Asks: 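Let me give you the structure first, and then I'll get to my questions.
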2 protein chains.
Amino acid sequence: MTDQADGSDPGRRPTMVDVARAAGVSLKTVSRVANEVPTVRADLAERVQGAMAELGFKRNHVAANLRSGRTTATIGLIIRDLANPFYSTIAAAATAVAERFDTRLITASSGWDPARERELVLDLFERRVDGLIVVPSGDDQSYFRTEIDRGTPAVFIDSPPDGCRADTALLDNRTGTRDLVRRLIAEGHRGIGTVTDTLNAYTMGERRAGAREALGEAGIDGGRHAARLHSDRPRSAGDAVGAMLDAPDPPTALFCGNNRILLGVVEEMVRRRTRLRLAAFDDFEFAPLLPRPVTVVGYDTRELGRLAAEMLFRRLESPGAETSNHVVPTYLVDRGTEPAPGRRSPPLP
Amino acid sequence: MTDQADGSDPGRRPTMVDVARAAGVSLKTVSRVANEVPTVRADLAERVQGAMAELGFKRNHVAANLRSGRTTATIGLIIRDLANPFYSTIAAAATAVAERFDTRLITASSGWDPARERELVLDLFERRVDGLIVVPSGDDQSYFRTEIDRGTPAVFIDSPPDGCRADTALLDNRTGTRDLVRRLIAEGHRGIGTVTDTLNAYTMGERRAGAREALGEAGIDGGRHAARLHSDRPRSAGDAVGAMLDAPDPPTALFCGNNRILLGVVEEMVRRRTRLRLAAFDDFEFAPLLPRPVTVVGYDTRELGRLAAEMLFRRLESPGAETSNHVVPTYLVDRGTEPAPGRRSPPLP
DNA sequence: CTGAAAGCGCTAACAT
DNA sequence: ATGTTAGCGCTTTCAG
């Protein structure tokens with residue numbers, strides 16, 4: 001009895017049928033107006049729009065998609081941790097591209113957990129996302145295969161997938177590290193330590209390979225001062241480098257595999273009032289403020305996210321194409337300052 | 001002719017009907033298995049699961065939701081810029097809460113544009129999100145009203161909405177700033193400058209009010225050294241404080257309304273080799289590395305996002321409750337270092 | 001415990 | 001140019 005013509009039932013959302021009744025037209029005419037089909041008589045269109053506004057009609061995107069079977073205008077983005085600037089920058093760049101295609105992003109964090117990654121991917125496939133952008137955590141992405149074959153493309157960022165064919169957007173980890181270590185060698189360093197971790201198998205592997213290449217060229221045994229951390233706490237990097245320095249014949253230069261490792265190392269340097277020639281992979285916003293000079297491998301993180309999203313949308317437009325691998329270039333840049341008074345400060349944005 | 005029993009048509013996704021046929025059961029039994037209804041004979045359930053695996057069946061979450069009309073297990077998050085750590089931290093915290101409710105987040109950036117905010121909100125309503133978390137940009141949120149009345153709740157972060165009733169999670173901008181400025185006064189400062197901006201009407205208004213309150217208590221005229229920037233480039237803050245310092249009777253202490261302003265001011269200090277007692281709203285990860293001592297107003301950004309998400313899910317569970325306003329407390333903390341050699345470095349995580 | 005029929009809100013294909 | 005009918009893939013009655 002509450003469902004009278006005044007449509008005052010607060011819980012129920014008006015449908016196209018309600019609008020049609022209110023405007024005195026057929027359901028289909030309402031549908032046409034909602035879809036901006038031009039072949040609708042002006043006065044009818046106006047009446048329909050009036051009814052829509054009056055009832056507060058909002059089209060049900062879910063239902064529309066179900067029947068048309070077209071796109072959901074949604075893509076999934078699975079990263080490792082949205083609170084980390086590297087990943088949030090990727091998310092922001094991908095969101096900006098998706099915007100241009102009127103597509104929304106479902107962003108989820110796997111927290112470096114392969115099982116969680118898999119759950120999230122399957123959930124997003126069930127939601128019929130048009131495509132997926134993934135920073136993979138596990139070493140088995142074969143569960144993507146069925147859906148990729150059925151036409152839901154995936155693009156992988158930072159590490160390539162294992163067990164399925166897909167587009168990738170990667171950093172040039174190897175070249176970046178090789179050039180960085182070459183620089184240390186050119187400066188005359190022979191005792192060059194490396195601190196990497198075991199958490200990021202692919203990228204760290206590439207960086208180690210780049211360092212090994214440069215060291216090998218110079219006939220240096222890279223194994224003498226090599227630490228592989230099992231934790232991503234900067235503290236553990238500090239401890240590792242402390243051990244190196246306390247051992248006989250300590251290194252004179254040090255390559256840090258990422259910026260968290262660098263932070264731990266710098267802290268240890270400051271604690272010991274020691275200087276080492278520092279070098280690291282990853283630039284970051286406040287690297288200019290570090291209290292020690294460091295040469296870092298920089299790259300355009302936004303570009304990584306942008307590229308991946310562009311590749312995804314390109315593939316959505318032409319599904320047949322061969323998979324491709326894009327590599328984002330790296331460069332060397334000097335950061336950090338001598339903690340002496342009177343130095344010029346680094347530029348700020 | 002290609003649609004034979006081997007299900008080899010690559011483009012078509014198997015539906016429950018396909019699974020039912022393959023398993024020799026009815027559609028409904030498949031539905032029950034998919035929904036883990038316990039009252040299914042074990043052997044049937046097994047056959048169905050076998051068929052599902054074989055066909056690579058993935059349930060269509062979109063269709064399931066359409067008929068049941070229940071929740072989409074999706075909430076919307078509208079922030080200003082995902083690349084900004086403040087907002088990405090909120091997004092990460094909200095995502096973590098949503099996780100616990102098996103709910104996915106659609107995250108979108110409004111870019112401080114009220115019109116864009118409105119478009120995004122309406123789009124998300126059309127997608128029938130279960131609720132919305134919004135960092136508002138405009139000063140008119142009345143377009144939320146219809147949907148809020150129909151039972152799709154919204155929670156506002158950072159600034160309260162205008163034109164609709166909704167839960168809010170806010171920072172204690174006023175108290176934080178008041179306590180900070182009181183501290184400057186207690187240290188004996190009388191010439192206290194303030195640099196704020198006009199981009200964030202609500203929060204900056206609150207901060208100005210807090211400063212005014214502290215200055216008023218001490219009988220200080222806050223208007224003498226007050227700059228209001230119309231840009232968020234740190235550079236413009238540097239210029240503004242430069243003008244203050246060049247004017248007769250310059251301030252001895254300075255309150256910066258946010259961290260970007262602080263960065264511009266610190267750069268100007270370093271350029272001029274000048275010292276001022278610095279204070280600012282917003283702590284940030286690398287504040288300990290600033291080459292000048294600064295007292296900042298800190299707060300738990302994750303808590304802001306967490307609170308908002310908790311409020312949203314609480315309301316989804318009990319829609320009738322009164323709207324509530326949660327305030328995240330602030331505290332004062334000393335950051336930055338004297339750029340002299342031999343100082344202890346700030347602690348790292 | 002299982003199945004057949006109806007229907008969610010919308011769009012596609014066909015009339016008219 | 002408008003309306004009618006069917007049906008997307010699933011869940012919900014309601015019968016068996």
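Note that the structure is a prediction, hence the values are computed from the model and not measured. Lettering follows sequence order; numbering is per chain, from 1.
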Asks: Nearest whole angstrom, please: distance from the C1' of D:dG9 to the CZ of B:Arg21.
Replies: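 Nearest whole value for this atom pair: 14 Å.
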
Asks: When the C1' atoms of the five terminal pairs at each end define the local axes, what inter-axis angle does the helix from C:dC1-D:dG16 to C:dT16-D:dA1 show, to 10 degrees?
Replies: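 The value is 30°.
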
Asks: Tell me, please, which residues at least two apart from B:Asp140 pass side-chain hydrogen bond (donor to acceptor under 3.5 Å, both in side chains).
Replies: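 B:Asp140 satisfies side-chain hydrogen bond (donor to acceptor under 3.5 Å, both in side chains) with B:Ser142 only.
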
Asks: Measure from the side-chain heavy atoms of A:Leu66 and tell me the nearest of C:dT11, D:dC10, D:dG9.
Replies: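 The answer is D:dG9, which lies nearest to the side chain.
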
Asks: Whole angstrom is fine here: how far is it from CZ in A:Arg59 over to C1' in C:dC10?
Replies: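 Whole-Å distance recorded here is 9 Å.
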
Asks: Just grab all the salt bridge (Lys or Arg N to Asp or Glu O under 4.0 Å) pairs involving residues 307-321 of chain A, residues at least two apart or on different chains.
Replies: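 Those involving residues 307-321 of chain A are A:Arg100-A:Glu310, A:Asp167-A:Arg315, A:Arg306-A:Glu310.
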
Asks: Once you round it to whole Å, what is the distance between P of C:dC8 and CE of A:Met16?
Replies: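 Between P of C:dC8 and CE of A:Met16: 15 Å.
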
Asks: I'd like to check B:Arg13 versus B:Lys58 (side-chain heavy atoms, cut-off strictly below 4.5 Å). Are they in contact?
Replies: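 Counting from C-beta outward, B:Arg13 and B:Lys58 never come under 4.5 Å.
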
Asks: Please work out if A:Arg70 contacts a base, only the sugar-phosphate, or nothing of the nucleic acid, heavy-atom cut-off 4.0 Å.
Replies: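 Contact class for A:Arg70: sugar-phosphate only.
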
Asks: Grab the CG-P distance between B:Leu55 and D:dG9 for me, whole Å please.
Replies: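 In whole Å, D:dG9 P lies 14 Å from B:Leu55 CG.
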
Asks: Tell me the interatomic distance from B:Glu126, atom CD, to C:dC10, atom C1', rounded to whole angstroms.
Replies: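 Rounded to whole Å, this separation is 12 Å.
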
Asks: Could you check whether atom CG of B:Asn35 has more than 12 heavy atoms from other residues, nucleotides or ligands sitting under 6.0 Å from it?
Replies: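 Counting other residues, nucleotides and ligands, CG of B:Asn35 exceeds 12 neighbours.
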
Asks: Can you check whether A:Ile79's main-chain N or O pairs, donor with acceptor, with A:Ser110's side chain at less than 3.5 Å?
Replies: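 Looks like yes, one N/O pair under 3.5 Å.
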
Asks: Whole-Å distance between C:dC10 C1' and A:Arg128 CZ?
Replies: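 Going from A:Arg128 (CZ) to C:dC10 (C1'), I get 18 Å.
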
Asks: Taking only residues at least two apart or on different chains, which pairs with a member in residues 42-51 of chain A satisfy salt bridge (Lys or Arg N to Asp or Glu O under 4.0 Å)?
Replies: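 Non-adjacent pairs meeting salt bridge (Lys or Arg N to Asp or Glu O under 4.0 Å): A:Arg41-A:Asp43.
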
Asks: Could you work out which one of C:dC10, D:dT11, C:dT11 sits closest to the side chain of A:Ser68?
Replies: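 So the nucleotide nearest the side chain must be C:dT11.
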
Asks: Applying side-chain contact (heavy atoms from CB on, under 4.5 Å), can you list everything that pairs with B:Leu27, at least two apart in sequence or on another chain?
Replies: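 If we apply the side-chain contact (heavy atoms from CB on, under 4.5 Å) test to B:Leu27, skipping adjacent residues, the hits are B:Met16, B:Val17.
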
Asks: Expressed in angstrom and rounded to an integer, what is the separation of B:Asn65 atom CG from D:dC8 atom C1'?
Replies: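 It is 14 Å, rounded to the nearest whole Å.
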
Asks: What residue pairs, at least two apart or across chains, pass ring-ring contact (aromatic ring centres under 6.0 Å, His included) with a residue in residues 46-99 of chain B?
Replies: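 For residues 46-99 of chain B, and leaving out neighbouring residues, there are no ring-ring contact (aromatic ring centres under 6.0 Å, His included) pairs at all.
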
Asks: Just jot down the salt bridge (charged side-chain N to carboxylate O under 4.0 Å, His left out) partners of A:Glu126, sequence neighbours excluded, or say none.
Replies: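 With sequence neighbours excluded, A:Glu126 shows a salt bridge (charged side-chain N to carboxylate O under 4.0 Å, His left out) to no residue whatsoever.
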
Asks: Taking only residues two or more places apart in sequence or in another chain, which ones pass side-chain contact (heavy atoms from CB on, under 4.5 Å) with B:Ala63?
Replies: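 Residues passing side-chain contact (heavy atoms from CB on, under 4.5 Å) with B:Ala63: A:Leu66, B:Asn60.
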
Asks: Where the side chain of B:Ala64 is concerned, which of D:dC10, C:dG3, D:dG3 is the nearest nucleotide?
Replies: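 Looking only at heavy atoms from C-beta outward on B:Ala64, the closest nucleotide is D:dC10.
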
Asks: So which pairs with a foot in residues 301-322 of chain B pass ring-ring contact (aromatic ring centres under 6.0 Å, His included), sequence neighbours left out?
Replies: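 As it turns out, the ring-ring contact (aromatic ring centres under 6.0 Å, His included) pairs with a partner in residues 301-322 of chain B, which skip direct neighbours, are B:Phe101-B:Phe313.
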
Asks: For the side chain of B:Thr29, starting at C-beta, report the closest nucleotide among D:dT2, C:dG9, C:dT2.
Replies: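 Closest nucleotide among those given: C:dT2.
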
Asks: Which comes earlier along DNA chain C counting from the 5' end, the contact point of B:Val25 or that of B:Ala63, where each point is its nearest nucleotide?
Replies: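 The answer here is B:Val25.
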
Asks: Do any of residues 33-44 of chain B sit with a heavy atom less than 4.0 Å from DNA chain D, and if so which?
Replies: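 By residue number: B:Asn35.
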
Asks: Between the protein and nucleotides 4-7 of chain C, list the N/O to N/O atom pairs that are separated by less than 3.5 angstrom.
Replies:
| from | atom 1 | to | atom 2 | distance (Å) |
| --- | --- | --- | --- | --- |
| C:dG7 | O4' | B:Arg67 | NH1 | 3.1 |
| C:dG7 | N3 | B:Arg67 | NH1 | 3.2 |

Asks: Measure the distance from NE2 on B:His61 to C1' on D:dC8 and round it to the nearest whole Å.
Replies: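 Taking atom C1' of D:dC8 as the reference, NE2 of B:His61 is at 17 Å.
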
Asks: Not counting sequence neighbours, which residues clear salt bridge (charged side-chain N to carboxylate O under 4.0 Å, His left out) with A:Arg21? List them please.
Replies: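 Salt bridge (charged side-chain N to carboxylate O under 4.0 Å, His left out) check on A:Arg21 returns A:Asp18.
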
